Protein chains: 2
Amino acid sequence: MAQADVAEPTKLGRRRDPARDEVILEAALDELVESGYEGMTIDMVAARAKAGKATVYRRWPSKADLVIDAVACMKRRNLDPDDLPDTGTLRGDLIAMIKPPTIRDSERKLALMAGIASMLVRNPELADTARAALIEPRAAINRVLFQRAIDRGEISSSVDIEQLSIIGPALAAYRTLVLHQPVDREFLIANIDQVILPAAGLGVRS
Amino acid sequence: MAQADVAEPTKLGRRRDPARDEVILEAALDELVESGYEGMTIDMVAARAKAGKATVYRRWPSKADLVIDAVACMKRRNLDPDDLPDTGTLRGDLIAMIKPPTIRDSERKLALMAGIASMLVRNPELADTARAALIEPRAAINRVLFQRAIDRGEISSSVDIEQLSIIGPALAAYRTLVLHQPVDREFLIANIDQVILPAAGLGVRS
DNA sequence: TATATACGGAACTCGTGAGTTTCGGATATC
DNA sequence: GATATCCGAAACTCACGAGTTCCGTATATA
């Protein structure tokens, strides 16, 4: 979608190093997380990547294209929904997803979403990319967990999996971005026990 | 917090018209909703308010101060938590809150939040103002509704009111800003029946 | 009516960031 | 070793927006 590239030449010369792409995209992501779309400058991205500004523009035609590629490359970091630990219970599976690396990754994603939020309305391609790279992978994991619970007869097959899959991400995003409070283990467990499981029909009567 | 103002002079002249403040703040809000913080320009605000740029700067010392005042003035639009219709049941109270004007107001608030999202990290005063003017009033309403349900013995007094009050706003914000899907009556009722009421201990077993 | 002030509008300064160009040096291909 | 290409760095152009100043006009007070 971005890379301005060319037909294979017949001969000669030093080749463009694809590894630099990764470094630059990573620098762009750091800038987006720290400063947001409008706060990020190409000069700062280049400096952080120890690259020249011209090198950046040799690889992406504009700032918008660089940002789209940077957001898109977050997709590779997600774990495979077909390869999740199975604890035997829905609650166990949900709790098993709470790990410090996962929380940190989630915080980074949310800061990134906040940084590009005002662009999402005006740049549909960026909006689609962000959903595909940041939102959908986590929802896919939740869908698998809830489908398992249905398959093993733990919860009713009439629940709305799509709705259930979204509760956790929505509460975490709201707490971080709007309330500006930390998303820690305690908060996540409270969400599971007091909101998600009751919504799945596994109420723990008090 | 913003208004750059003065001691009372001894005599003379045309007075500054306070009604123009409202027009300018409203224009600023419209711009924030449509274009976000960085997309909004003082020229566009002035033009929309049919005012001169100098008039804007006569009343607010900077763009940041104007924006803070604009966000803050949204607080006046909220209905009083002490003056809510009482339908006699929690579900009835929650459903009664679903009205087209309320939905439209909520959409406007969310678009405003998206527009200033990237600023919230870097401008704590704006962040506090936004929470007080946009988030807290709605949470206050929900707290009243859940407290009533506790008082009438409809739900357990051991529920976490703060957590319950946040579920609705969080799901609506996520659906609008992240998923980019419409928040309509059907969606809100599904949230109430399948998430909020179960979390309150009022499960409707299927 | 005289005067001080606020007004809308326009011209202005000034800083900043996107995108371009240039250049000396490094490096892989031939 | 000759050459074509990529590199980092820096200087450059250009557009745009924040904030200021000025001016002719309108209006409320005295």
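Owing to the predicted nature of the structure, the values given are computational and were not obtained by experimental measurement. Below, chains carry the letters A, B, ... as their sequence lines are ordered, and counting in each starts from 1.
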Consider the side chain of [X], meaning its heavy atoms from C-beta on, and name the nucleotide among [options] that approaches it most closely.
X	options	answer
B:Arg14	D:dG8, C:dG8, D:dT27	D:dT27
A:Ala54	D:dA10, D:dT21, C:dG19	D:dA10
B:Arg58	D:dG19, C:dA6, D:dG8	C:dA6

Check the distance between [N]'s [atom2] and [X]'s [atom1] and give it to me in whole angstrom.
X	N	atom1	atom2	result
B:Arg48	C:dG8	CZ	C1'	18 Å
A:Lys63	D:dA15	NZ	C1'	15 Å
B:Asp17	D:dT29	CG	C1'	16 Å
B:Leu66	D:dG19	CG	C1'	13 Å
A:Tyr57	D:dA10	OH	P	18 Å

Carboxylate-amine/guanidinium proximity below 4.0 Å for [X] and [Y]:
X	Y	result
A:Glu26	A:Arg77	yes
A:Arg143	A:Glu136	yes
A:Glu186	A:Arg175	no

Regarding D:dG19, can its base be found pairing with the side chain of B:Lys53 as donor and acceptor, where the two atoms are less than 3.5 Å apart? yes
Quick check: closest heavy atoms across [X] and [Y], and the distance to 0.1 Å?
X	Y	result
B:Pro137	B:Ala133	CG-O, 3.6 Å
A:Leu120	A:Ala127	O-CB, 3.6 Å
A:Glu107	A:Val183	OE2-O, 4.4 Å

side-chain N/O A:Arg20 vs D:dG8 OP1/OP2, d < 4.0 Å: yes
Please list, in numerical order, the residues of residues 33-44 of chain A that have a heavy atom closer than 4.0 Å to any atom of DNA chain C.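 Those residues whose heavy atoms fall under 4.0 Å from DNA chain C, taken from residues 33-44 of chain A in numerical order, are A:Met40, A:Thr41, A:Ile42.
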